[in-house]
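Protein chains get the first letters and strands the later ones, always in sequence-line order, with residue 1 at the start of each.
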Amino acid sequence: MRIATWNVNSITARLPRLLAWLESSGTDVLCLQEAKTTQEQFPAQALSEIGYESAVHATGRWNGVAVLSRIGLADVVRGLPGGPEYEGVAEPRAVAATCGPVRVWSVYVPNGREVGHAHYAYKLRWLDALRGAVARDAVGERPFAVLGDFNIAPADEDVWDRSAFEGATHVTADERDALAALREEGLQDVVPRPLKYDHPFTYWDYRQLGFPKNRGMRIDLVYGNGPFGAAVKDSYVDREERKGKGASDHAPVVVDLDV
DNA sequence: ATGACCCTCAGCGAGGGA
């Protein structure tokens with residue numbers, strides 16, 4: 001089976017590309033982030049017409065996540081159990097589902113904005129809640145993975161220029177410690193291969209020729225448990241989808257599983 | 001060619017992204 005994660009930066013704006021990509025790539029399960037729409041306006045009908053069921057957690061212009069599956073969709077959980085609120089709001093940043101033999105979480109980790117900002121503390125609390133929420137599934141026998149936009153570059157080589165991120169979020173020790181805590185729960189970083197250049201970046205800023213200059217970051221991650229990792233046949237970043245007019249600023253990360 | 005931000009909602013800019 002083929003499973004993927006993709007921050008689409010508005011499913012409304014991306015719908016033509018999303019539908020075309022689902023069909024051309026042969027993806028069975030897609031964890032998507034930044035739907036930027038409401039539950040009601042989510043294009044479940046258009047997706048249904050090409051064979052995908054949708055598990056959606058979305059409330060409006062910000063955030064919004066979903067799991068799309070053409071191999072079954074069950075045991076949906078909307079929202080991160082025990083997750084913190086930001087300014088009194090429980091934001092739609094996580095949704096879980098079981099798709100055939102695999103259970104997945106689609107997550108959109110808070111950005112953090114600036115080190116020291118209330119949003120940064122929120123990001124760390126959110127990640128700790130994620131660790132708690134996935135601990136039991138992580139050690140199970142069923143293939144399980146958390147896929148999504150983690151807004152963390154796991155190592156210095158996961159950004160195009162470490163010096164450009166001095167003092168910035170996404171590269172701090174606290175954020176990387178949060179990823180290490182997930183690994184300590186039994187999850188492993190399924191690192192994709194790049195289709196061009198030497199590093200599998202997944203995000204490139206829209207500004208200042210970020211993509212043509214390959215000024216990217218690897219922040220869209222797949223954290224799988226042992227059975228998931230053992231089933232991985234291949235994984236790559238589909239950078240073709242970052243090209244051209246109407247692209248998201250993130251590319252899909254694709255994982256092929258032998259399950 | 002991959003090409004110099006883009007998304008949404010509100011409402012004719014602003015907030016957020018990272």
Distance, rounded to the nearest Å, where A:Arg93 contributes CZ and B:dG17 contributes C1': 11 Å
Length of the line joining A:Asp205:CG and B:dG16:P, which is rounded to integer Å: 17 Å
Contacting residues from residues 162-173 of chain A, given that a heavy atom lies under 4.0 angstrom of DNA chain B: A:His170
Residue pairs, two or more places apart or on separate chains, that pass salt bridge (Lys or Arg N to Asp or Glu O under 4.0 Å) and touch residues 90-102 of chain A: A:Glu91-A:Arg93
Touch class at under 4.0 angstrom, heavy-atom based, for A:Asn63 against every strand present: nothing
Parallel, tilted or perpendicular, as decided by the 30° and 60° cut-offs, for the rings of A:Phe201 and A:Trp204: perpendicular
Side-chain H-bond candidate by donor/acceptor type, A:Asn7 with A:Glu34, under 3.5 Å: yes
Reading 5' to 3' through nucleotides 8-13 of chain B, protein heavy-atom contacts under 4.0 Å coded B for base, S for sugar-phosphate only, - for none: BB----
Under-4.0 Å side-chain N/O to phosphate OP1/OP2 contact, A:Asn151 with B:dA18: yes
For A:Tyr223, ring pair (Phe, Tyr, Trp, His ring centres under 6.0 Å) partners two or more places apart: A:Phe150
Heavy-atom side-chain contact between A:Ser54 and A:Leu47 under 4.5 Å: yes
Atom pair distance, as rounded to whole Å: OH in A:Tyr120 and C1' in B:dG17: 18 Å
Expected output: side-chain A:Arg2 to main-chain A:Gly26 donor-acceptor under 3.5 Å: no
Side-chain N,O (A:Arg113) to OP1/OP2 (B:dG17) below 4.0 Å: yes
Under-4.0 Å side-chain N/O to phosphate OP1/OP2 contact, A:Tyr203 with B:dC5: no
Sugar-phosphate, base or nothing in reach of A:Lys196, heavy atoms under 4.0 Å: base
Separation of atom CD in A:Glu114 from atom C1' in B:dA18, rounded to whole Å: 11 Å
Partner residues of A:His250 under the ring pair (Phe, Tyr, Trp, His ring centres under 6.0 Å) criterion, sequence neighbours left out: A:Tyr203
Sugar-phosphate, base or nothing in reach of A:Arg215, heavy atoms under 4.0 Å: nothing
Touch class at under 4.0 angstrom, heavy-atom based, for A:Asn214 against every strand present: nothing
Side-chain touch A:His119/A:Pro110, heavy atoms, less than 4.5 angstrom: yes
Residues touching DNA chain B, which here means a heavy atom under 4.0 Å, drawn from residues 237-254 of chain A: A:Lys243, A:Gly244, A:His250
Sorted by number, the residues of residues 153-161 of chain A with heavy-atom contact under 4.0 Å to DNA chain B: none
Touch class at under 4.0 angstrom, heavy-atom based, for A:Asn111 against every strand present: base
Pairs flagged by side chain to side chain donor-acceptor pair (under 3.5 Å) wherever residues 159-168 of chain A is involved - sequence neighbours left out: A:Asp156-A:Arg162, A:Asp161-A:Ser163
Partner residues of A:Tyr52 under the ring pair (Phe, Tyr, Trp, His ring centres under 6.0 Å) criterion, sequence neighbours left out: none
A:Lys123 NZ to B:dG16 P, straight-line distance once rounded to whole Å: 16 Å
Sugar-phosphate, base or nothing in reach of A:Tyr108, heavy atoms under 4.0 Å: sugar-phosphate
Which donor-acceptor pairs under 3.5 Å do side chains of residues 130-145 of chain A form with protein atoms, sequence neighbours excluded?
unit_1, atom_1, unit_2, atom_2, d
A:Arg131, NE, A:Asp128, OD1, 3.2
A:Arg131, NH1, A:Glu185, OE2, 3.0
A:Arg131, NH2, A:Asp128, OD1, 3.2

d(CZ, A:Arg218; P, B:dA18) in whole Å: 16 Å
Pairs touching residues 68-89 of chain A that satisfy side chain to side chain donor-acceptor pair (under 3.5 Å), sequence neighbours left out: A:Asp28-A:Arg70
First encountered from the 5' end of DNA chain B, between A:Ile219 and A:Phe211: A:Phe211
N or O in side chain of A:Arg14 less than 4.0 angstrom from B:dC7 OP1/OP2: yes
For atom CD of A:Gln208 and atom P of B:dC5, their distance in whole Å: 6 Å
Presence of salt bridge, A:Arg193 and A:Asp198, under 4.0 angstrom: no
Distance in Å, A:Leu18 CG paired with A:Glu241 CD, rounded so as to fall on 0.5 Å steps: 8.5 Å
Ring pair (Phe, Tyr, Trp, His ring centres under 6.0 Å) contacts in which one or both residues fall within residues 19-51 of chain A, not counting sequence neighbours: A:Trp6-A:Trp21
